[in-house]
Amino acid sequence: MPTASDTPDSRSHFIRNIIEADLADGTHETVVTRFPPEPNGFLHIGHAKSICLNFGMARDYDGRCHLRFDDTNPTTEDERYVASIQEDVRWLGFDWGDHLYHASDYFEQLYAYAEHLITQGDAYVDSQDGEAIRDNRGTVTEPGTPSPYRDRSPEANLRLFREMRTGAHADGAHVLRAKIDMASPHMIMRDPILYRIRHANHYRTGDDWCIYPMYDFAHCLSDAIEDITHSLCTLEFENNRRLYDWILERCLPEEQQATRPHQYEFARLNMDYTVMSKRKLLRLVEEGLVNGWDDPRLPTLAGLRRRGVPPSAIRTFCERIGVAKANSRVDIALFEHVLRDDLNYRSPRIMGVLDPLKVTITNYPEGETEHIEAPHWPRDIDKEAHRAVPFGRELYIERDDFRMDPPDGFYRLAPGREVRLRHAYFLRCDEVVQDADGRVTELRCTYDPETKGQAKASDGRRPKGIIHWVSAAHAVPAEVRMVDRLFSVPDPEAHEDDFTAFLNPQSMPVADALLEPAVRGFSGEQRLQFERQGYFWRDTDATDDTLIFNQIIPLRDSWSTDDDPEDAATGPTKEEIEAANPQIHADPAESFTEAQHARLEHFTEALGIARDDAVQLIDTPPLADYLEAALDGHHEAQAVTNWILNELMGLVPPADLPDLPFTPEQFGVLVRQVATDEITGRVGKDVLTAMLEDGVDPQEYIAAEGLRNISDEDALREIIDGQLAAYPGKVEAYRNGKEGLLGFFMGQVMRETGGQADPKTAQKLLREALTTDTSPAAQ
RNA sequence: UGCCCCGUAGCUUAACCGGCAGAGCGCCUGUCUCUGGAACAGGAGGUUGGAGGUUCGAGUCCUCCCGGGGCAGCCA
């Protein structure tokens, strides 16, 4: 089995960064990921992104990736999907080794964790009906109301929960809920349901259970059971992470907390001209809009496989699209590019005419046949193979390669024009035969027998047009399915109308093609290029007698007559945007109390703090309190304010201010050190970090580490000269006008001095050194 | 209207602690060519959603605004 290691493009993304950081700081010694499909549908290329990510990270960091079926809902899941999913993952080129798991294997353990939560008082049995639970959950803007059963004793809960398990209760009579907060602003935390009663047969556990865990409960614990380190999922689970953490923090013992799994979310894949949701795909299949799950127009892995897309192309594509958190829609052109690039190197060339037009070569002897030796591979591909192509008096060429009235720039066949027959002779069109309706039915041509295999004719004629052909007497008929985009608009889901209204009526026209006989020599597995057309391979509907091909992707065509006038929809002008976006600055002070107004006046008048800053401090009382405590008689109230607002706020939420490992006074001392230029702002930030992490005293720490400001000009000059000497090319570039490099050199000087260089002095000296040529190299 | 997430070139994205805004696709030129393919060379394209602030220096930190997505299943 091929591994996925032949997709080398391993680019940087936030999940890779997290994994590397976790490995570097010892949080985890190895990476364990998982691909967790629910067996209730077919996999599509969106899943491929997840598969490649999960298996790819495991591969890149020498870890492992589990295949786990998330089968906690007996009413929707089915054995048949389990098989197809495994087939698809394997086809994509990934191997889970011994690590095939099912959430249903953990039902007993999950149940034990549930009892654990009940015993701890973190879960209760709710006996409201479904409607009551929904009504009492509240809305996004109104808090919920607690269930009347919320305060049952752990003993009563345990008894009830055990009864639920033994089947003493009907579906819906009770549920197990986490006891969190019915007024939480996070809907997921309003006592989420953990278990429900379902007297249903499960495809694996049969009738062993009549209670089944919900996703939020089962998933995080399944991860923990399997020692997953990085649980990667799509964006719609972002809110669920809060519950994921809540459950694991309460179910796992203290010693497991440091290495427990964590969930990270990335954007699912969307692509132009198709749909990716399970529900919509199911509709297309069920309503007969396509021919089954493996219809070659579908983005399902089964469909792509049948169409002929190689798994390596899908892997490469998944590497190339990146992994990020922004909702996005990938341009279909990227997929097509990757696909062509993959196919180019693996597809022998043959000729095939998709829309045949008969050509009679009037000066070619009747009844004669010759065989022309032609390579299967172009010059630039390092592969060697040939075949003999039969040539005769009657040929077929592509109807589209002839025009009665050739447009400008068209350099194929037209009345009186000459082209080259690929691999064969020059051919001139002498006469056009048309039927009663004016349709061209035959071309009567002459060939130049001297030009076989010649770059140009002896008189220097060298036609620019080259067209493909097949010998009429030897042509092999085949049905060719011209797979195209399923939808005629890039985003069929973004419109008012139902998405099926945008199905492309020409998504799979069928061509009655004529192929050169060499086609018979290839196995059905072999992908072929029909020269000048595209890449094709045999469809599974083909039999020994009837050849059926799918077009995997047409060749790129830089000749296009159809200039689609997609007049770039002019967006709103800058003025319009600004008019629509008034910068309304609601003033929080308008709703201040009397006391707050007094405080505001004190801050602005007595302490000299800018009004906006003062308002912000007072609007969040812990901030204002912190400022007053930090001030302790010193005068730099604005500086302390800046540090609270801009630095502290970036590191800790306001609510944590009272519990910091250092006192507000110490914070004030730190700010004074910066304000009086004892240390640089840059060092000040480092000291603040040390205070936060290790609770150090700023003054002692600065003294002990020797962090004082370097403003000695000679010392700085030496460092600057050293940096200039180290990057002569950049000095040159700076002198040639790339002034942005001043920042680069400042960065270098700062790095060199551990941030201790006095910035103003350093910048002054740097500018001098860069403009006046004093670098050692020049002396 | 509560909470969470996200806005970098047409598209997808990169940028270690704040320090030269970079790439692939697409597009346009050209070279080469017995595939209007491929390959090669070059080019255009950016107020990093906007406004303030902190800083010697902001895509990156702080505040506000705008825009997009998600959350009120006994689905996952």
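Below, chains carry the letters A, B, ... as their sequence lines are ordered, and counting in each starts from 1.
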Q: Determine the contact category for A:I133: base if any of its heavy atoms lies under 4.0 Å from a base atom, sugar-phosphate if only primed atoms, P, OP1 or OP2 are that close, otherwise nothing.
A: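 Answer is base: heavy atoms of A:I133 come under 4.0 Å of a base.
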
Q: Would you tell me if any nitrogen or oxygen in the side chain of A:T72 comes within less than 4.0 Å of OP1 or OP2 on B:A76?
A: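 For A:T72, the contact criterion (side-chain N or O under 4.0 Å from OP1 or OP2 of B:A76) is met.
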
Q: State the pairing partner of B:A72; accept Watson-Crick or G-U wobble contacts with both distances under 3.5 Å, and report none otherwise.
A: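 With both distances under 3.5 Å required, B:A72 matches none.
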
Q: Sort out the partner of B:A51 for me: Watson-Crick or G-U wobble, both distances under 3.5 Å, none otherwise.
A: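 Partner of B:A51: B:U63.
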
Q: Checking all strands, does A:E531 fall into the base, sugar-phosphate, or nothing category for heavy-atom contacts under 4.0 angstrom?
A: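 Base, at least one base heavy atom under 4.0 Å.
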
Q: Under the criterion ring pair (Phe, Tyr, Trp, His ring centres under 6.0 Å), I'd like the reasoning laid out for A:F161 against A:Y195: C-alpha separation, chi angles, the key distance, then a yes or no.
A: CA-CA 9 Å; A:F161 188 51; A:Y195 265 90; 5.3 Å; yes

Q: Paired with B:A39: which nucleotide, if any, by Watson-Crick or G-U wobble criteria at under 3.5 Å for both distances?
A: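 B:A39 is paired with B:U31.
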
Q: What contact category does A:H423 fall into here, base, sugar-phosphate, or nothing, at under 4.0 angstrom with non-hydrogen atoms?
A: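 Contact class for A:H423: base.
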
Q: Considering heavy-atom distances to RNA chain B, does A:K49 or A:G172 have its closest nucleotide positioned more toward the 5' end?
A: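 Its nearest nucleotide being more 5', the pick is A:K49.
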
Q: Watson-Crick or G-U wobble partner for B:U1, using a 3.5 Å limit on both distances?
A: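 Check on B:U1: unpaired, no WC or wobble geometry under 3.5 Å.
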
Q: Are any of the side-chain heavy atoms of A:W643 and A:V640 separated by less than 4.5 Å?
A: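 No - every pair of side-chain heavy atoms lies 4.5 Å or more apart.
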
Q: Write down the partner of B:A9 under the Watson-Crick or G-U wobble criteria, each distance required to be under 3.5 Å.
A: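 Partner of B:A9: none.
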
Q: Using a strict 4.0 Å threshold on nitrogen-to-oxygen distance, state whether A:D126 and A:R177 make a salt bridge.
A: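 The answer is yes: the pair qualifies as a salt bridge.
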
Q: Let's see if you can work this out: which of B:A38, B:G2, B:A76 has an atom nearest to the side-chain heavy atoms of A:R556?
A: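 Nearest nucleotide to the side chain: B:A38.
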
Q: When you measure only distances, ignoring hydrogens and angles, does the side chain of A:N646 come within 3.5 Å of the base of B:G53 through a donor and an acceptor?
A: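 Yes.
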
Q: Just checking, A:K325 and A:F266: is the charged tip under 6.0 Å from the six-membered ring centre and within 45° of the axis?
A: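 Negative - A:K325 is either too far from the ring of A:F266 or too far off its axis.
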
Q: Of the options B:U54, B:C74, B:C56, whose atoms approach the side-chain atoms of A:R137 most closely?
A: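 Closest nucleotide among those given: B:C74.
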
Q: Indicate yes or no: does A:D171 engage A:R196 in a salt bridge with an N to O separation below 4.0 Å.
A: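 So A:D171 does not pair with A:R196 through a salt bridge.
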
Q: With a non-hydrogen cut-off below 4.0 angstrom, is A:Q128 in contact with a base, only sugar-phosphate, or nothing?
A: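 If one applies the 4.0 Å heavy-atom cut-off, A:Q128 turns out to touch a base.
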
Q: Is there a side-chain contact between A:T76 and the phosphate of B:A76, meaning an N or O under 4.0 Å from OP1 or OP2?
A: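 No, because none of the side-chain N or O atoms of A:T76 sits under 4.0 Å from OP1 or OP2 of B:A76.
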
